[in-house]
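Take a look at the structure set out below.
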There are 2 protein chains.
Amino acid sequence: MTGVEPLPPPVWLRSANKPVKRQLSLDAVLEAALRLLDSGDLESVSMRRVAQELGTGPASLYAYIGSKAELDELLYDAALAPVVVPEPDPERWRSQLLDLGVDVAKALAARPGTARVALETVVPSTPKALELMDGVLGLLKAGGIPAREAVVFADLFALHLTAGAWEMTLRSAPKQAAEETEVRAAQIVQYLDLVPADRLPHLREAFPLFGVEDDDPAAGLRTGLEMLVEGLVARQTGGG
Amino acid sequence: MTGVEPLPPPVWLRSANKPVKRQLSLDAVLEAALRLLDSGDLESVSMRRVAQELGTGPASLYAYIGSKAELDELLYDAALAPVVVPEPDPERWRSQLLDLGVDVAKALAARPGTARVALETVVPSTPKALELMDGVLGLLKAGGIPAREAVVFADLFALHLTAGAWEMTLRSAPKQAAEETEVRAAQIVQYLDLVPADRLPHLREAFPLFGVEDDDPAAGLRTGLEMLVEGLVARQTGGG
DNA sequence: TTGCAAGACGAACACCATTCGCGTCGCGAA
DNA sequence: TTCGCGACGCGAATGGTGTTCGTCTTGCAA
């Protein structure tokens with residue numbers, strides 16, 4: 001090859017040193033960010049690193065996104081992408097709702113840190129988030145829940161689910177958090193030994209039961225969502 | 001007063017210029033941090049600022065606390081301090097539980113940012129947090145909930161409550177977040193206009209109902225906790 | 001061919017938590 | 001009373017963060 005290639009441009013030209021990579025775009029930025037996210041967590045997605053991934057400086061990114069928070073929301077939306085909203089079936093709306101909730105939480109937990117974005121944003125309003133909210137409202141309507149109640153519930157549902165996803169993220173973090181949890185548990189035991197024996201009696205009794213069933217981190221979340229739905233229908237039939 | 005005060009020490013002594021402020025202590029650090037927290041939020045509590053508040057550099061603080069995270073937990077514990085655990089009354093355990101939950105959330109929301117500490121910690125284990133957990137377990141026992149269920153529920157209860165407190169924190173933030181919310185709402189309306197009219201039908205219909213009853217930010221939280229408790233007892237009587 | 005808007009981006013700003021290592025002080029031992 | 005030592009205090013530096021300014025460059029429209 002070497003023979004036929006054109007000679008390199010003169011070194012004193014500015015363009016020789018900076019080969020002018022016009023390959024940036026919103027998609028390229030998002031793609032690079034997702035690459036970083038998947039090989040770590042949201043913490044490892046910084047402007048600098050994304051820029052480095054693209055072979056440029058952080059300032060270049062601001063042509064396509066307004067702020068880091070904006071990029072975070074894009075990642076959040078991307079994390080939500082694989083979730084599909086089911087067609088409401090009045091016979092099965094409750095299990096559909098639970099499945100949807102668990103799916104969302106799993107999707108968020110699969111991209112570590114994205115759940116946190118939802119917690120930090122006052123009201124998450126990315127396209128996919130809105131689509132999912134619409135889906136939840138649709139299922140509630142299929143279940144005969146009045147619109148007024150449905151709105152309140154949908155809000156709570158999303159909140160609980162997001163918090164659950166965040167907790168799943170913490171617990172399923174590869175190594176660090178696992179031993180963190182153990183250290184904490186040990187500290188609590190130690191603390192309980194320190195405290196007068198007649199204090200915290202219920203905690204003493206129940207403590208060994210904590211952390212059971214942690215083989216499936218989504219199980220606890222599902223239970224919580226079940227309780228929420230159960231409470232919703234109880235409140236409907238009861239009266240108030 | 002001026003007359004009786006002792007004359008200042010000679011200026012050429014080193015101790016005159018640096019009066020050797022051996023006034024640092026864990027309490028002093030915590031106090032300064034709380035002062036900053038109360039005149040802002042957790043974001044405004046940085047090592048540098050706490051140190052500045054004490055007239056020193058950030059390095060000095062590390063004699064008393066191991067890390068910023070540790071200080072955060074101290075603040076979290078301090079925020080929880082005013083909450084009192086009620087004596088369980090088998091007649092009223094449900095309302096007691098709800099009141100306790102709302103109290104905790106209000107206490108956390110009163111020190112903006114502390115709820116976030118609980119969300120970020122794998123398992124919050126400060127003394128007050130353990131005391132509250134013990135209280136919750138006590139109420140559940142008074143309600144006749146089996147220990148196994150009680151543990152799962154207490155976890156969910158705490159999670160929901162913390163998330164709710166965080167949301168309250170966001171919404172009740174003095175100025176910034178309030179208009180943030182409005183901006184978001186406007187953006188969503190705008191987005192709904194942009195999207196084909198047959199998409200997101202339920203959201204379109206229900207959107208005006210969102211944000212109603214925001215005069216009492218704790219109301220939504222209480223509703224959520226009610227549903228959770230309702231679901232718990234329904235699951236008990238039902239069978240599973 | 002020329003002019004110009006828009007993209008690219010190096011450098012700098014103002015933060016952040018944390019660590020190193022030196023100076024200084026108070027206190028206990030001699 | 002004097003000395004020495006250990007613990008505290010803390011200035012300075014390290015390596016991060018998001019964001020902005022001003023300049024350079026380049027492709028395209030006129």
Side-chain angles (χ1 to χ4, degrees), chain A residues 9-33 36-37 40-76 113 116-117 120-121 176, chain B residues 9-33 36-37 40-76 113 116-117 120-121 176:
Chain A
V11 209
W12 61 86
L13 278 188
R14 196 96 159 87
S15 60
N17 300 323
K18 305 181 187 176
V20 185
K21 343 181 168 164
R22 292 221 176 256
Q23 59 205 17
L24 254 53
S25 68
L26 178 55
D27 279 349
V29 170
L30 186 54
E31 193 185 321
L36 284 170
L37 181 62
D41 63 345
L42 193 65
E43 298 275 300
S44 44
V45 180
S46 74
M47 291 289 158
R48 290 178 137 79
R49 272 206 270 262
V50 172
Q52 194 182 2
E53 192 85 356
L54 296 169
T56 179
S60 305
L61 308 180
Y62 284 83
Y64 302 99
I65 56 168
S67 66
K68 175 63 168 24
E70 215 172 292
L71 176 58
D72 287 345
E73 281 200 66
L74 288 176
L75 293 176
Y76 168 73
R116 183 189 174 139
V117 177
E120 288 182 356
T121 310
Q176 201 175 348
Chain B
V11 210
W12 61 87
L13 280 185
R14 193 97 159 89
S15 61
N17 300 323
K18 303 185 185 177
V20 187
K21 338 182 172 166
R22 295 230 174 250
Q23 59 205 17
L24 252 53
S25 68
L26 179 56
D27 279 349
V29 169
L30 187 53
E31 194 185 321
L36 284 170
L37 182 62
D41 63 345
L42 194 65
E43 299 275 299
S44 45
V45 180
S46 72
M47 291 289 156
R48 288 177 137 78
R49 271 205 271 262
V50 172
Q52 194 181 4
E53 192 84 357
L54 296 169
T56 179
S60 305
L61 308 180
Y62 284 84
Y64 304 99
I65 56 168
S67 66
K68 175 63 171 15
E70 216 172 290
L71 176 59
D72 287 345
E73 281 199 65
L74 288 176
L75 293 176
Y76 168 73
R116 184 190 171 138
V117 177
E120 287 182 357
T121 311
Q176 203 174 344

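Convention: sequence-line order gives letters A, B, ...; per-chain numbering from 1. Note that the structure is predicted; figures quoted are calculated from it, not measured. The figures that follow rest on heavy atoms only: side chains count, while hydrogens, waters and symmetry mates do not.
Other residues, nucleotides and ligands contribute more than 12 heavy atoms inside 6.0 Å of the CD atom of B/E70.
Place A/E43 and A/A59 on DNA chain D by their nearest nucleotides, and A/E43 ends up nearer the 5' end. Take the nearest nucleotide of DNA chain C for A/P58 and for A/A63: the residue whose nucleotide is more 5' is A/A63.
Between the CE atom of B/M47 and the P atom of C/dT19 there is a distance of 11 Å, given to the nearest Å. When rounded to the nearest whole Å, the span between CZ of B/R49 and C1' of C/dC16 equals 10 Å. In this structure, B/L61 places its CG atom 12 Å from P of D/dG11, rounding to the nearest Å. Straight-line distance from the CG atom of A/L54 to the P atom of C/dG7: 16 Å, rounded to whole Å. Atoms CG (A/L42) and P (D/dT17) sit 12 Å apart, rounded to a whole Å. Taking atom CD of B/Q52 as the reference point, atom P of C/dA17 lies 13 Å away to the nearest angstrom.
Of all nucleotides listed (C/dA17, D/dT19, C/dC9), C/dA17 comes nearest to the side chain of B/Y62. In this structure, the nucleotide among D/dG9, C/dC9, D/dG18 sitting nearest to the side chain of A/S46 is D/dG18. The listed nucleotides are C/dC16, D/dT19, C/dT18; the one nearest the side chain of A/K68 is D/dT19. Out of D/dC10, D/dG9, D/dT19, the shortest distance to the side chain of B/Y64 is found at D/dG9.
A/R48 contributes no side-chain N or O that forms a donor-acceptor pair with the base of D/dG16 under 3.5 Å.
One distance of note links OH of A/Y76 with CD of A/E120; it measures 12.5 Å at 0.5 Å rounding. Rounded to the nearest 0.5 Å, atoms CD1 (A/I65) and CG (A/L74) are 7.5 Å apart.
In this model, the phosphate group of D/dG9 is not approached by any side-chain N or O of B/T56 to a distance below 4.0 Å at OP1 or OP2. The side chain of A/S60 contributes no N or O atom lying less than 4.0 Å from OP1 or OP2 of C/dA8.
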* Would A/E53 and A/R49 satisfy salt bridge (Lys or Arg N to Asp or Glu O under 4.0 Å), going step by step from the backbone distance to the final call? -> CA-CA 6 Å; A/E53 192 85 356; A/R49 272 206 270 262; over 6 Å; no
* List the steps and the verdict of side-chain contact (heavy atoms from CB on, under 4.5 Å) for B/R116 and A/R116. => CA-CA 10 Å; B/R116 184 190 171 138; A/R116 183 189 174 139; 2.5 Å; yes
